[in-house]
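A short write-up of the structure that comes next.
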Amino acid sequence: MSTDRLAILGGRPEYSEPLHVGQLYAPPWDEFKDQFDGIFRRRYFTNHGPLVSQLEKDLSEFLNCQAICVTNGTLGLMVALKSLGLSGKVIVPSFTFPATVQALYWAGIEPVFCDVDYDTHAISAEHISPLITEEVTGILYVSLWGGLADTTDIERLAENHSLKLLHDACHAFAASYAKRSSAQIGDVSVFSLHATKILNGLEGGIIATSNHEVADQVRTIRNFHSSHTHAAVPLRINAKMSEAQAGMALLSLTRVRKNVENNLLQWQTFYRNLNDIPGIKIYRYDEQCSGNYQYFNFEIDDVRFGLTRDMLLQCLQSEGIAARRYFSPGVHNLSPYDVLFPQYANTLPNTDKLCLRTLQLPIGAMCTIDTADRISRLIRMAHDDAHLVKNQLAEMP
Ligand SMILES: Cc1ncc(COP(=O)(O)O)c(C=O)c1O
């Protein structure tokens, strides 16, 4: 039951249990149990078992390239970086999840932080060009919020400068741009199958490529010793996916299209409800993009809205809504990168501004159109009662 007063002003919280961001899809328990019965019957728990093989086959068809499963998206990025022979420095956005940059640093590569375009939230050829030097061997491009932007200029730039292009597509499974799949951008794309993602493998990752040599390298690097391929590789690691992960991901894959449709309905509801509120700017997908709509991201202009992003976040949290500040701060301002690379402080204006203003709302399998309506209503109330909320927050310890 909705109240007429915000919880922060003394009303009853909208939700008694926290409502989280992320897809959080769970298949019917019976189906999951069947997968586990099979795993126990076969006593085949890991090491490229039948469920992982089936998943790789299904994903290769879905993505129309070679799909190689790994433990998680972070290890996927680390293995992909090595398979592409990247070294020295790589250009990367700071407006991303820390794992993107952590993978680089683990692979012994220095990040060259690049500002993003303010509207697409992605790095652009214009921002990348001035950062290309002799030491730069590649670009680590990140697609955010379950969508894709136009990457043709960046692909041309990479080709002209003989740079490898690695695509962090951890958010972008089942997304396409001008009918081109997210797996077909750059030399390699990496997806995450974390439980919050559109394809849930509990944890998990996919390395997708159309290059057979790179695929051979990936298969060899992800396995600490023997493997079916004999590619000469610089180093190896255990990045295998388990049968339990694959069993879950196979079930999730059958519902991906349905979950995308469901997300889109929720996304549209938020859009309709919030678009006319002063000071709110909703992240828009490009017209040519077909996304998975797993993220509802918007920006708050505090002067026009009446509250800062962080004040609105406090309001929503007191209602039991676990909205998130994705991403704040930018990775260049996070430890250890702020100390290792202090030269980037105050040089990425779009990143710094977005990090202060953006907020992510719950959307996905745990939510409905009704949830989107209820959250939107509270955001409108926060705008209408902004002066009361501000006074209340000023009095809080
Ligand atoms: C943009 C981005 N890159 C990389 C990762 C790492 O993926 P994983 O959690 O599967 O390691 C994430 C995880 O959320 C992410 O959002």
Side-chain angles (χ1 to χ4, degrees), residues 20-25 55 59 67-81 90-107 109 111 113-114 116 120-123 139-149 151 165-175 182-183 185-186 188-208 218 222 237-242 244-246 248-249 252 283 291-297 322 324-332 334 337 351 354-355 358 360 362-364:
H20 291 284
V21 298
Q23 184 66 43
L24 298 173
Y25 169 74
L55 181 63
L59 288 170
I68 302 152
C69 291
V70 287
T71 323
N72 57 49
T74 310
L75 272 160
L77 289 169
M78 288 161 60
V79 170
L81 286 162
V90 164
I91 295 171
V92 66
S94 164
F95 192 61
T96 182
F97 192 68
T100 313
V101 181
Q102 277 153 5
L104 271 183
Y105 210 58
W106 268 98
I109 295 167
F113 288 111
C114 181
V116 288
T120 64
H121 294 190
I123 54 176
I139 300 165
L140 176 39
Y141 179 85
V142 184
S143 292
L144 293 177
W145 319 139
L148 292 178
T151 49
L165 181 57
L166 173 56
H167 180 204
D168 178 341
C170 283
H171 286 195
F173 188 80
S182 47
I185 288 164
V188 174
S189 289
V190 175
F191 300 92
S192 167
L193 275 59
H194 187 263
T196 52
K197 301 292 191 286
I198 188 78
L199 183 62
N200 180 3
L202 304 169
E203 288 269 3
I206 309 162
I207 301 177
V218 167
R222 81 166 159 177
I237 196 166
N238 176 6
K240 288 171 285 140
M241 177 180 270
S242 73
Q245 289 174 281
M248 178 74 168
S252 178
Y283 175 83
N292 61 38
Y293 305 100
Q294 193 208 297
Y295 302 83
F296 187 87
N297 183 288
R324 301 292 290 264
R325 287 181 288 204
Y326 283 154
F327 299 103
S328 182
V331 185
H332 70 292
L334 275 179
Y337 311 105
T351 301
L354 288 169
C355 287
T358 52
Q360 198 82 50
I363 195 168

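Counting starts at 1 for both ligands and their atoms, following the listed order.
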Please check: side-chain N/O of Asn292 versus main-chain N/O of His171, any donor-acceptor pairing under 3.5 Å?
yes
Listed pairs under 3.5 Å, donor-acceptor, residues 96-105 side chains, sequence neighbours left out:
unit_1: Thr96; atom_1: OG1; unit_2: Thr100; atom_2: OG1; d: 2.7
unit_1: Thr100; atom_1: OG1; unit_2: Phe97; atom_2: O; d: 3.2
unit_1: Thr100; atom_1: OG1; unit_2: Asp168; atom_2: OD2; d: 2.9

Can a side-chain donor-acceptor contact be found between His167 and Ser143 if the only test is distance below 3.5 angstrom?
yes
Within the protein, flag every N or O under 3.5 Å from an N or O of ligand 1, and note the pair and distance.
unit_1: ligand 1; atom_1: 3 (N); unit_2: Asp168; atom_2: OD1; d: 3.3
unit_1: ligand 1; atom_1: 3 (N); unit_2: Asp168; atom_2: OD2; d: 2.7
unit_1: ligand 1; atom_1: 10 (O); unit_2: Gly73; atom_2: N; d: 2.8
unit_1: ligand 1; atom_1: 10 (O); unit_2: Ser192; atom_2: OG; d: 2.7
unit_1: ligand 1; atom_1: 11 (O); unit_2: Gly73; atom_2: N; d: 3.3
unit_1: ligand 1; atom_1: 11 (O); unit_2: Thr74; atom_2: N; d: 2.9
unit_1: ligand 1; atom_1: 11 (O); unit_2: Thr74; atom_2: OG1; d: 2.5
unit_1: ligand 1; atom_1: 14 (O); unit_2: Lys197; atom_2: NZ; d: 2.6
unit_1: ligand 1; atom_1: 16 (O); unit_2: His171; atom_2: NE2; d: 2.9

Inter-residue atom distance Leu77.CG - Leu140.CG, 0.5 Å rounding:
6.0 Å
Under 3.5 Å donor-acceptor, His194 side chain and Asn72 backbone
no
Using the ring of each side chain (for Trp, its six-membered ring), is Trp145 parallel, tilted or perpendicular to His121, with breaks at 30° and 60°?
perpendicular
